[in-house]
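A quick write-up on the structure given underneath.
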Amino acid sequence: MTPREIFLELLKKDGKPERQLDQYEALNLVLYDPINIYLRGNRVRGSISRDKWGTVINFPQDAPGPIPMVDDETKVIKDIRNWRDYAVAPDLEANTREGWDECLKKAHAADPNHEKLLTGFMGTGIFEETHFLLPFTDSLSYLYEYPDEMHALIEYITEYRLEYVRLLIDGLHPEAILSHDDWGAKDSLFFSPDMWREFFKEPYERFYGYIRSRGVIAIHHADSYLKPILEDMVEMGIQVWQGALPENNIPECLELLDGRMVLMGGIGAAIDRPDSTEDEIRAYVRRTLRENCPHGHYIPCITYGVAGTVYPHVDPVIDDEIANYNAEYHFENHNVPELKRVFNRKVDSLKSAKPSASDASGVQAVTSEDSDVAGQTAEVEILTKISSALAKGQKKRVVSLTQEALDQGIPAEEVLSSGLVVGMTQVGDAFSQNKVFVPEMLMAARCMNAATAVLKPYLVSGGETESAGRVVIGTVKGDLHDIGKNLVKIMMEGNGLDVIDLGTDVSAEEFYEAAVAKGARLVACSALLTTSMPEMKKTVELIREKDPDKNIKILIGGAPISQNFCDEIGADCYTDDAPSAAKAAVELLK
């Protein structure tokens, strides 16, 4: 079979592909059609540009790709209440009429024997466009604060994407379309499944419904944790989920799906490092293949949204290991009956499991202390109400209760530590358990900021505000990602720490100099890209050289970081999420 024929077999519930596909080999991915050239053609390495919506795009010389730079100064939408005054969709119809013949000629030359599926590419999906126009944290918190405006903005972006895909299909005549939109981090969604359904499911049902109505295969890229919305993805018309991270438990997902959607991914960024060895890569890929391939409807692939790894020595080893797997003799149905029995038991237990009251109620489940305050003292009662209201994101109520507590004579320090910090801790614990999500944590942080503004005059002593300690935080040099760093900052401030945010692309020297100048005893370093991990090591080495007595502690985190890497470079602590980072920071500063 040709790669194209194997791909088409995988889409059939009872298809019989003759071997495993090798990553993107079945897709003739067109990144140079007139629309992509118009929308992305000015993204040049070593430059800062603006896209057609007006978003600032930074493409550093040493970065693997361009990154949107959206903050309060650069954001396109200055006021969500009047978003129509700022957000103007590019006029694709008027600007992409020419160049289709040349594009098709190039595409056919790349695959003259039609052994692959001609595939259109659409970056920056509906959700991603909202946080290209607004700061990421605002795009999430506004789902609570301005739901009507966000619904209207999402509808406007959806109509733009529908026009985009119509023109792409008319001009390119693709057999498949790969559309990007990340809806989560590596171990959780960005929002609760219900909130995602409320704002994004119906727009995507229309989007993928239109693609399917034109006879085109719908491929969705999201290198995210999406297991809670698998059924929704099928209902929306997605046929292939590209970018499926191993954290989703791919074998279990494949059994739950039972052939209704193909998963393409499983090979994460953990092995795409400058120091990864051939033996390490082979062992990782071989384990991934043996775990996932027997379940069918699976394409082993790097989880990135286009072909290729960041480090060139990695990709050939992945390809070779897939070839080795295909060269082995696999008995048809070998061990599959018993395998299916094991997974069917798991699937049945998952389907029959009823969510507990705490699981089903999200924030309210972890903040129910105020439901029974009988027998508590008045002080404990109001502090409990403060923590509960904060965890529920009720800003006006938190501010009112904070002032009421002060009026009752409760010390400001007690209101902070036994009321506000307790509430933030509850949210952090629920976030770590995937019971609440980023928007809820942001709302709680805004409650915290409003309440601490009330407390601040009462906390000032000798000209200084009391805190649990001072931290310098930043994303290391060569890395412009800041979402994870910002969440850690929120949780640290919620735990009473004074946080000095250096932003992104911070050098080792800047970390050390800021810590000394600001009197910080903790440096917190974040990294998302594997390419920036050596810079994190450099930061640790410099601080240790300048501070051999280890008066300055070092906390590290980020998607590619692990405890092994922490031990290897000599950092003091590694954590894998924002709440645990905040707790670790408090402990390190004691």
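Everything numeric here is computed off the predicted structure, so don't read it as measured data. Any value given below was found using the heavy atoms of this structure, including those in side chains, with hydrogens, waters and symmetry copies removed.
Using a 4.5 Å heavy-atom threshold, the side chains of I238 and V234 count as separate. I48 has its side chain out of reach of I57: every pair of non-hydrogen atoms, C-beta onward, lies at least 4.5 Å apart. When side chains are defined from C-beta on, I229 counts as touching W183, because their heavy atoms get closer than 4.5 Å. Considering only heavy atoms from C-beta on, M69 comes within 4.5 Å of L480 through its side chain. Taking the side chain as every heavy atom from C-beta outward, L134 and I80 approach each other to under 4.5 Å. Using a 4.5 Å heavy-atom cutoff, the side chains of M122 and I35 are not in contact. At least one side-chain heavy atom of T130 sits less than 4.5 Å from a side-chain heavy atom of I154. Taking the side chain as every heavy atom from C-beta outward, I473 and S526 never approach each other to under 4.5 Å.
In this structure, F437 has its ring center no closer than 6.0 Å to that of W196. Side-chain rings of F121 and H180 approach one another, their centers coming within less than 6.0 Å. You'll find the ring centres of F127 and F191 inside the 6.0 Å limit. Taking the six-membered ring wherever Trp is involved, the centroid distance between the rings of Y204 and Y208 falls below 6.0 Å. Checked against the 6.0 Å centroid threshold, H297 and W241 do not count as a close aromatic pair.
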Legend entry - Candidate pair D576 and Q563, rule side chain to side chain donor-acceptor pair (under 3.5 Å), full reasoning: CA-CA 9 Å; D576 61 1; Q563 185 61 54; over 6 Å; no
Query raised in the report: Going through the checks in order, is the side-chain contact (heavy atoms from CB on, under 4.5 Å) test met by H220 and Q242?
Result: CA-CA 6 Å; H220 182 88; Q242 193 282 322; over 6 Å; no
Inset, instruction - Start with the C-alpha gap between R212 and Q239, add the side-chain angles, then the distance that decides, and say whether side chain to side chain donor-acceptor pair (under 3.5 Å) holds. - result: CA-CA 9 Å; R212 298 284 297 274; Q239 293 165 276; 3.3 Å; yes
Could you go step by step and tell me if C253 and L263 meet the side-chain contact (heavy atoms from CB on, under 4.5 Å) rule? CA-CA 9 Å; C253 288; L263 266 56; 3.8 Å; yes
Note to self: As a quick check of understanding, evaluate side-chain contact (heavy atoms from CB on, under 4.5 Å) for V488 and L555, giving each step before the final call.
What the structure shows: CA-CA 11 Å; V488 171; L555 170 68; 5.5 Å; no
query: Where do H313 and S276 land on the side chain to side chain donor-acceptor pair (under 3.5 Å) test, with the steps shown first?
result: CA-CA 9 Å; H313 74 283; S276 58; 3.1 Å; yes
**OP:** Apply side-chain contact (heavy atoms from CB on, under 4.5 Å) to V506 and T475, showing your working.
**Re:** CA-CA 6 Å; V506 183; T475 306; 5.8 Å; no
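Between the side chain of E128 and the main chain of D182, a donor-acceptor pair closer than 3.5 Å is present. For E18 (side chain) and M1 (main-chain N/O), a donor-acceptor pair under 3.5 Å exists by modelled atom type. In this structure a side-chain-to-backbone donor-acceptor pair under 3.5 Å is present from D71 to E73.
Shown here is K105, whose NZ atom has no more than 12 heavy atoms of other residues, nucleotides or ligands within 6.0 Å.
P228 and P193 make their closest contact through CB-CG, 4.0 Å (heavy atoms, listed as atom of the first residue, atom of the second, distance). The shortest non-hydrogen separation linking L140 to P439 is O-CB, 3.8 Å. Heavy atoms only, all atoms of each residue included: D33 and C103 are closest at CA-SG, 3.6 Å. In terms of heavy atoms, R161 sits closest to G123 at NH1-O, 2.7 Å. Contact detail for W53 and V88: the closest heavy-atom pair is CE3-O, 3.8 Å. Residues T119 and L178 share a closest heavy-atom pair of CG2-N, 3.9 Å.
Evaluation of the ring-ring contact (aromatic ring centres under 6.0 Å, His included) test over residues 23-52, restricted to residues two or more places apart or in two chains, returns none.
A side-chain N or O of E255 and one of H295 form a donor-acceptor pair less than 3.5 Å apart. Side-chain atoms of E175 and N28 form no donor-acceptor pair, as typed in the model, at a separation below 3.5 Å.
Ion pairing of R197 with D194 is present here, as a side-chain N (NZ or NE/NH1/NH2) and a carboxylate O approach within less than 4.0 Å. Ion pair E328/R290 flagged as a salt bridge, since at least one NZ, NE, NH1 or NH2 atom sits closer than 4.0 Å to an Asp/Glu carboxylate oxygen. Electrostatic pairing of E291 and R286 does not count as a salt bridge here, judged by no charged N lying under 4.0 Å from a carboxylate O. Taking the charged nitrogens against the carboxylate oxygens, K186 and D223 have no contact shorter than 4.0 Å, which rules out a salt bridge. Using a 4.0 Å cut-off between charged nitrogen and carboxylate oxygen, D91 and K52 do not count as a salt-bridge pair. D170 and R166 are joined by a salt bridge, as a carboxylate oxygen and a charged side-chain nitrogen come within less than 4.0 angstrom of each other. Salt bridge status for K106 with E102: absent, with no side-chain N to carboxylate O gap under 4.0 Å. For D111 and R4, the salt-bridge test fails: no basic side-chain N is under 4.0 Å from an acidic carboxylate O. Note on R273 versus D275: salt bridge recorded, some NZ/NE/NH1/NH2 to OD/OE distance being below 4.0 Å. K489 has no carboxylate O lying under 4.0 Å from a charged side-chain N of D482, or vice versa, which leaves the two without a salt bridge. Using a cut-off of 4.0 Å between Lys/Arg side-chain N and Asp/Glu carboxylate O, E535 and K477 are scored as not salt-bridged. For the pair E235 and K201, the salt-bridge criterion is met [side-chain N within less than 4.0 Å of a carboxylate O]. Remark: R40 does not engage D51 in a salt bridge, criterion side-chain N to carboxylate O under 4.0 Å.
Remark: E202 pairs with R206 by the salt bridge (Lys or Arg N to Asp or Glu O under 4.0 Å) rule, at least two apart or across chains.
Here the NE2 atom belonging to H131 is positioned 15.0 Å from the OH atom belonging to Y142, to the nearest 0.5 angstrom.
Under the ring pair (Phe, Tyr, Trp, His ring centres under 6.0 Å) rule, F190 has a single partner from F431, F199, F136, which is F136.
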